[in-house]
K.L.:
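Provided herewith is a single structure, encoded as structure tokens, for subsequent inquiry.
In this text the structure is predicted, and so the values were computed from the model without any measurement. In what follows, chains are A, B, ... by sequence order, proteins preceding strands, each numbered from 1.
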Amino acid sequence: MATFVEPRLPRGMRDIVPQKMILRRYVIGVIEQVFERFGFEPLQTPALELAQTLMGKYGPDAEKLMYAARHRDGKEDLALRYDLTVPLSRMVAMNPELVKPFKRYQIAPVWRAERPQKGRYREFYQCDADIVGTSSMLADAEIIAMIFTILRELGFQEFVTKLNNRKVLGALGEYAGVPPALLGGLSRALDKLDKIGREGVREELRKNEIPAESIEKILNLIALPVDDLATWREKFRAFPRGVEGINELEQVLQYTRAMGVNPARLQIDLTMVRGLDYYTGPIFETVVTEPKIGSLTGGGRYDGLIGLFSKNPLPVTGASVGIERIIDVMQELKMFPDNLGKTVTQVLVTVFDAERRAQSIALTMNLRAAGINAEMWYDDDGLGKQLKYAAARGIPYAVIIGPDEAASNVATLRDLATGEQQQIAQTDMAAVLQEKLRHL
RNA sequence: GUGGGAUUAGCUCAAUGGUAGAGCACCGCACUGUGGAUGCGGUGGUUGUGGGUUCAAAACCCAUAUCCCACCCCA
């Protein structure tokens, strides 16, 4: 007796069945197209990196979520990549001959040992696009415009992108006299403003041992209208970093406007923080509120990261698009185009009986030669079973060659959706099907 | 990593300590040249897993796994 191993998946990991892969491929296809339209080129890097490559880049919280790996002989400490940004930085540092600005995109799985939830998995795909080698805010603006293009082409109407700047965040701390060591706590508290409100933030700041005086200054500051950049510049007069951040915000707004980005969908939010340590300039994040699933995209500028791998640091800005969440949201909101279908197969060629099999085989191969995705039936079964199969799979057309058809070299083409049938010369079948499939 | 909820047929869910059920799906027949309609019949469960309490456990207790929710963080 064979003993079976109970088939199970590791926590937070999933299989993606063919029907789901069709949706996934559609989303990735749109993203890839837009990336390339904006001049980004594909890049692939290994799933495993040396642990030392990844350590110390994301912050201590993130590092706890990194998967460790090793060779059998244990000679190198390895880790599954946590994102695509640090591997890009490593790769750019290793390849100084790359022509700058270097624009690459990468669509690949990353791994994080978080507690899984909806829209939150331990293995998930990120779609990243980054621009290496320019400090111009035009690049940051272009990234944002590209994100908007992607979301729009996928059919998203209701979304808001929040824009902030790490320099402003830093200046906020300086202005309020928060000791640099407590800046992390300040950021985390600010980040929660949406959820816990003003008083909640006050409480949170107190818990983080931020001086009472500073707390008042901060709360007063974030109560100011965010759009009034002149006032902010004035407030930050004594803090050059803050002025620089405000100027960057202004430039990003100007450039995105020039690119046709709807200003109502791009909002400055000085309490939007983002968790990763490596950001240095503009940061942004796109959220949908319905359904509530967290951020769909996020990104920002990280001018210091390559400097950790090379004596020649390079400025970089980029974004990550979360296709897992996009797919979850699109399914929930039924945003996928109807013509996507359940299967890639376009026609099933049935086999009437042994005598007629040869004609069915020939016709199948003939359709395939014409570029049509065609299946044929393998076993000796009635037409009923074969058509039932086609219907269950969502195959749009079936072809039947019985004794009547075989006698005159025609075949019956059945539209599974409508039940309509017509007889077509076997030699014309490919052309007729191609025409019909064009309108599907 | 912390706290809460869930887990029974392929799917959605019933059964409150006493014989494990329904709908849908699947298979077959009515219908051996035609799927989705209807009718009839059928297959399918060591109740997530491992212990314990009890004459008796799907149910009560303990542990464990996975999923969901919140926190944390994020795509």
K.L.:
On a plain distance test, is the side chain of A:E114 in donor-acceptor contact with the base of B:rG1 below 3.5 Å?
P.N.:
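Result: no qualifying N/O pair found.
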K.L.:
Quick check on B:rC67: is either OP1 or OP2 less than 4.0 Å from any side-chain nitrogen or oxygen of A:K118?
P.N.:
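For A:K118, the contact criterion (side-chain N or O under 4.0 Å from OP1 or OP2 of B:rC67) is not met.
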K.L.:
Can you work out whether A:G384 or A:G298 has the more 5'-proximal nearest nucleotide on RNA chain B?
P.N.:
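Between the two, 5'-proximity favours A:G384.
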K.L.:
Please report the distance separating the C1' of B:rU8 from the corresponding atom of B:rA15, rounded so that it comes out in whole Å.
P.N.:
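B:rU8 and B:rA15 have their C1' atoms separated by 9 Å.
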K.L.:
Tell me what A:R274 touches on the nucleic acid: a base, only sugar-phosphate, or nothing, going by heavy atoms under 4.0 Å.
P.N.:
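Result for A:R274 = sugar-phosphate.
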K.L.:
Scan A:R8 against the nucleic acid and name what it touches under 4.0 Å (heavy atoms): base, sugar-phosphate only, or nothing.
P.N.:
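The residue A:R8 makes sugar-phosphate contact but no base contact.
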K.L.:
Say you pick atom P in B:rA58 and the same atom in B:rG48; how far apart are they, in whole Å?
P.N.:
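Nearest-Å result for B:rA58 against B:rG48 at atom P: 10 Å.
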K.L.:
Test ring-ring contact (aromatic ring centres under 6.0 Å, His included) on A:W111 and A:F124; report intermediate values, then the result.
P.N.:
CA-CA 7 Å; A:W111 292 267; A:F124 64 96; 9.0 Å; no
K.L.:
Looking for any heavy atom pair under 4.0 Å, which part of the strands does A:R11 touch: base, sugar-phosphate only, or nothing?
P.N.:
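The answer is sugar-phosphate, as A:R11 gets under 4.0 Å only of primed atoms, P, OP1 or OP2.
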K.L.:
Is the positively charged end of A:R24 above the ring of A:Y125, judged by distance under 6.0 angstrom from the centroid and angle within 45° of the axis?
P.N.:
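Yes.
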K.L.:
So which one's nearest nucleotide on RNA chain B is more toward 5', A:E405 or A:D191?
P.N.:
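Its nucleotide being nearer the 5' end, the pick is A:E405.
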K.L.:
For the backbone of A:M91 and the side chain of A:N95, can you confirm whether one donor and one acceptor N or O come within less than 3.5 Å of each other?
P.N.:
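Pair found, side chain donor or acceptor close to backbone of A:M91.
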K.L.:
Using the P atom as the point on both nucleotides, what is the distance between B:rU64 and B:rG5, in whole Å?
P.N.:
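To the nearest whole Å, 15 Å.
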K.L.:
Measure from NZ or CZ of A:R112 to the centre of the six-membered ring of A:Y82, then state whether that distance is under 6.0 Å and the direction lies within 45° of the axis.
P.N.:
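Yes, a cation-pi geometry.
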K.L.:
Say we look at B:rU47 and B:rG39: how far apart would their P atoms be, to the nearest angstrom?
P.N.:
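These two P atoms come out 33 Å apart once rounded.
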K.L.:
Is there, by distance only and without an angle test, a donor paired with an acceptor across the side chain of A:Q421 and the base of B:rU34 below 3.5 Å?
P.N.:
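When only heavy-atom distances are counted, A:Q421 does reach the base of B:rU34 through a donor-acceptor pair under 3.5 Å.
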K.L.:
Contact class for A:I400 vs. all strands (heavy atom < 4.0 Å): base, sugar-phosphate, or nothing?
P.N.:
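Base contact.
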K.L.:
Examine the base of B:rU34 for any acceptor or donor lying under 3.5 Å from a partner atom in the side chain of A:R414, and report the outcome as yes or no.
P.N.:
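Answer is yes: a donor-acceptor pair is held.
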K.L.:
Between B:rU7 and B:rG42, how far apart are the two C1' atoms, rounded to whole Å?
P.N.:
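That atom pair is separated by 29 Å.
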K.L.:
Is A:F352 stacked on the base of B:rG33 when the test is centres under 5.5 angstrom and planes under 30 degrees?
P.N.:
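No, A:F352 does not stack on the base of B:rG33, since the centre distance and plane angle fail the 5.5 Å and 30° test.
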K.L.:
Just checking A:Y125: base, sugar-phosphate only, or nothing, at a heavy-atom cut-off of under 4.0 Å?
P.N.:
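Contact class for A:Y125: none.
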K.L.:
Answer with base, sugar-phosphate or nothing: what part of the nucleic acid does A:Y121 contact at a heavy-atom distance below 4.0 Å?
P.N.:
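The residue A:Y121 makes base contact.
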